[in-house]
Amino acid sequence: MPDKLNEQEVAMLRGELEMLMAERSSLLKVVGAASVLMANTDGRDLPAEAADAAEMLSRLVNALPEESLREALEVCMQGLDLMICSF
């Protein structure tokens, strides 16, 4: 019985880990795209409401660990390469 319970726990944890990894992948894509957008946007051209949101987004992206941001940009650039190559 303990082995059966342990197998169920392992299966449950494996499923949770796979779900978290998928969410992380999606978040990396979002952060990468947001970073590229911010780098290519001139804040002086934005309406005040959008400028406030852009400033908040900029602070949040800049607060990320450098390694996470680098990985997010790599994921985003790979996605852009795939989009460009498919046309």
Please evaluate residues Ser35 and Leu69 with respect to the criterion side chain to side chain contact (heavy atoms under 4.5 Å, CB included), reporting the C-alpha separation (whole Å), side-chain torsions for both, the decisive distance (0.1 Å), and the verdict. CA-CA 8 Å; Ser35 299; Leu69 185 54; 3.3 Å; yes
Under 3.5 Å, side-chain donor or acceptor atoms of residues 58-66 against the rest of the protein: list the pairs with distances, not counting sequence neighbours.
| unit_1 | atom_1 | unit_2 | atom_2 | d |
| --- | --- | --- | --- | --- |
| Ser58 | OG | Asn62 | ND2 | 3.4 |
| Arg59 | NH1 | Glu55 | OE2 | 3.0 |
| Asn62 | ND2 | Ser58 | O | 3.1 |
| Glu66 | OE2 | Arg70 | NH2 | 2.7 |

For Arg24, the side-chain hydrogen bond (donor to acceptor under 3.5 Å, both in side chains) test, sequence neighbours excluded, returns Glu71
Residues that Asn40 engages under side-chain hydrogen bond (donor to acceptor under 3.5 Å, both in side chains), provided they are two or more places apart: none
As an exercise, state the distance from CG of Asp52 to CG of Leu57, rounded to the nearest 0.5 Å.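 Result: 12.5 Å between the selected atoms.
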Atom SG of Cys76 and atom CG of Leu28: how far apart are they, to the nearest 0.5 Å?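 The SG atom of Cys76 sits 10.5 Å away from the CG atom of Leu28.
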Check the hydrophobic clustering (I, L, V, M, F, W, Y; side-chain heavy atoms under 4.5 Å; chains of links allowed) and say if Met77 and Leu37 are grouped together. no
Under the 4.5 Å side-chain heavy-atom rule for ILVMFWY, direct or indirect, which residues accompany Leu17?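 Members alongside Leu17: Met21.
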Residues clustered with Val30, ILVMFWY side-chain links under 4.5 angstrom: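 Traced through the cluster, Val30 reaches no other member.
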State, to 0.1 Å, how close Leu73 and Gly32 come at their nearest heavy-atom pair, and which atoms those are. CD2-O, 4.0 Å
Quiz: residues 8-16 side-chain donor-acceptor pairs under 3.5 angstrom, not counting sequence neighbours:
none

